[in-house]
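Sequential numbering from 1 along the given sequence is applied to the chain's residues. Here the structure is a predicted model, which means the values were calculated and not measured.
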Amino acid sequence: MSAQDLTEALAKMSWSLEHDEFALVGFTDPPTPEDVELLTHAPSQLIRERDETTLLVRASDVDAVRLRHPDLRSEAPLLWIRFEAAMGWEVVGFLAHVTSALAAAGIPIGAVCSFSRDHLFVNAAYRSAMAVVLDDLFPRQVAP
């Protein structure tokens with residue numbers, strides 16, 4: 001059952017770190033079928049805006065994407081953080097709670113939302129500092 005308010009979400013929450021390193025890549029072209037195929041390797045995400053496509057994929061896939069999109073820009077290596085408890089859309093302030101603690105520690109983040117959960121990604125250089133902050137907020141789970 002999804003948490004319905006911030007108090008419930010904070011009480012139920014734990015976090016985990018995906019095993020692989022990831023990359024955020026951006027390019028001006030629409031995604032190709034090969035780009036979309038990368039989404040079958042969870043977790044991943046694609047966002048298409050008017051003038052840019054963004055993929056959040058495994059860092060090991062960046063070279064293949066670059067061959068298809070020579071104007072590719074990337075940020076890597078990134079760590080993908082999953083907040084484990086499902087939350088309803090009525091929950092207000094969860095990301096503010098977490099990101100303010102990370103900001104106070106000087107840790108830059110990116111955010112990704114799925115239907116039921118929030119996710120963050122941070123540069124791998126911040127692994128230790130990020131873990132200290134999140135361990136202080138929530139218990140850690142080992143990702144399957």
Side-chain angles (χ1 to χ4, degrees), residues 1-32 35-66 68-69 71-144:
M1 178 113 178
S2 297
Q4 299 302 306
D5 61 40
L6 182 59
T7 301
E8 183 182 6
L10 295 176
K12 290 182 172 182
M13 194 56 64
S14 62
W15 70 280
S16 66
L17 197 58
E18 294 292 337
H19 296 291
D20 292 325
E21 289 185 335
F22 293 82
L24 185 68
V25 299
F27 47 87
T28 56
D29 303 323
T32 66
D35 297 330
V36 174
E37 173 70 21
L38 294 174
L39 301 177
T40 63
H41 307 285
S44 58
Q45 189 162 65
L46 180 146
I47 299 169
R48 178 66 184 153
E49 298 177 86
R50 274 182 250 115
D51 56 354
E52 183 176 60
T53 299
T54 301
L55 294 171
L56 186 55
V57 296
R58 284 178 172 69
S60 58
D61 292 325
V62 171
D63 289 339
V65 177
R66 188 181 313 279
R68 294 188 293 274
H69 307 283
D71 69 331
L72 179 132
R73 297 174 327 266
S74 68
E75 182 70 33
L78 301 174
L79 305 174
W80 189 307
I81 302 158
R82 173 184 158 113
F83 294 102
E84 296 292 340
M87 294 180 280
W89 280 83
E90 302 81 13
V91 175
V92 175
F94 177 77
L95 279 179
H97 178 79
V98 174
T99 60
S100 64
L102 291 166
I107 302 168
I109 60 100
V112 176
C113 296
S114 66
F115 190 84
S116 301
R117 285 174 187 77
D118 291 333
H119 307 258
L120 297 179
F121 49 97
V122 301
N123 189 290
Y126 293 93
R127 178 188 297 266
S128 295
M130 172 272 304
V132 167
V133 171
L134 294 182
D135 285 343
D136 191 47
L137 295 175
F138 312 111
R140 188 184 324 193
Q141 289 189 357
V142 176

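Applying side chain to side chain contact (heavy atoms under 4.5 Å, CB included) to Phe121 and the options Ile109, Leu79, Leu24 leaves one that passes, Leu24.
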Verdict with supporting geometry, Leu56 and Trp80, side chain to side chain contact (heavy atoms under 4.5 Å, CB included): CA-CA 10 Å; Leu56 186 55; Trp80 189 307; 3.3 Å; yes

Given Thr53 and His69, is the side chain to side chain contact (heavy atoms under 4.5 Å, CB included) satisfied, shown in steps? CA-CA 10 Å; Thr53 299; His69 307 283; over 6 Å; no

Checking salt bridge (Lys or Arg N to Asp or Glu O under 4.0 Å) for the pair Arg73/Glu52: CA distance, chi angles, key distance, verdict? CA-CA 11 Å; Arg73 297 174 327 266; Glu52 183 176 60; 2.2 Å; yes

Worked verdict on Asp29 versus Arg68 for side chain to side chain contact (heavy atoms under 4.5 Å, CB included): CA-CA 9 Å; Asp29 303 323; Arg68 294 188 293 274; over 6 Å; no

Stepwise side chain to side chain contact (heavy atoms under 4.5 Å, CB included) test for His41 and Val57: CA-CA 8 Å; His41 307 285; Val57 296; over 6 Å; no

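The two residues Leu137 and Ala101 have their closest heavy-atom pair at CD1-CB, 4.0 Å. Contact detail for Ala85 and Arg117: the closest heavy-atom pair is O-CG, 3.9 Å. Of all heavy-atom pairs between Gln141 and Ser14, the closest is NE2-OG, 3.1 Å. The heavy-atom pair separating Asn123 from Glu75 by the smallest distance is ND2-OE2, 3.4 Å. In plain terms, the two heavy atoms of Leu95 and Ala111 that are nearest each other are CD1-CB, 4.5 Å. Taking both residues in full, the closest heavy atoms of Ala3 and Val91 are given as O-CG2, 3.4 Å, listed atom of the first, atom of the second, then distance.
A perpendicular orientation is assigned to the rings of Phe83 and Phe94, their planes being inclined by more than 60° (bins at 30° and 60°).
Between Val62 and Leu72, some side-chain heavy-atom pair lies under the 4.5 Å cut-off. Between Met87 and Met13, the closest side-chain pair of non-hydrogen atoms falls below 4.5 Å. Between Asp35 and Phe27, some side-chain heavy-atom pair lies under the 4.5 Å cut-off. Arg140 places none of its side-chain heavy atoms less than 4.5 Å from the side chain of Leu134. Looking only at side-chain heavy atoms (C-beta outward), Ser60 and Asp20 stay at 4.5 Å or farther from each other.
Within a 6.0 Å radius of OH in Tyr126, other residues, nucleotides and ligands contribute 12 heavy atoms or fewer.
Between Ile81 atom CD1 and Met130 atom CE the span is 4.5 Å, to the nearest 0.5 Å. With rounding to the nearest 0.5 angstrom, the CZ atom of Arg82 is 13.0 Å from the CG atom of Leu120. Rounding to the nearest 0.5 Å places OG of Ser74 at 11.5 Å from CG of Leu55. The distance from atom CD of Glu21 to atom CZ of Arg58, rounded to the nearest 0.5 Å, is 12.0 Å. Distance CG/Asp71 to CZ/Arg66: 10.0 Å, rounded to 0.5 Å.
Gln4 places a side-chain N or O within 3.5 Å of a backbone atom of Ser2 that can act as its donor or acceptor partner.
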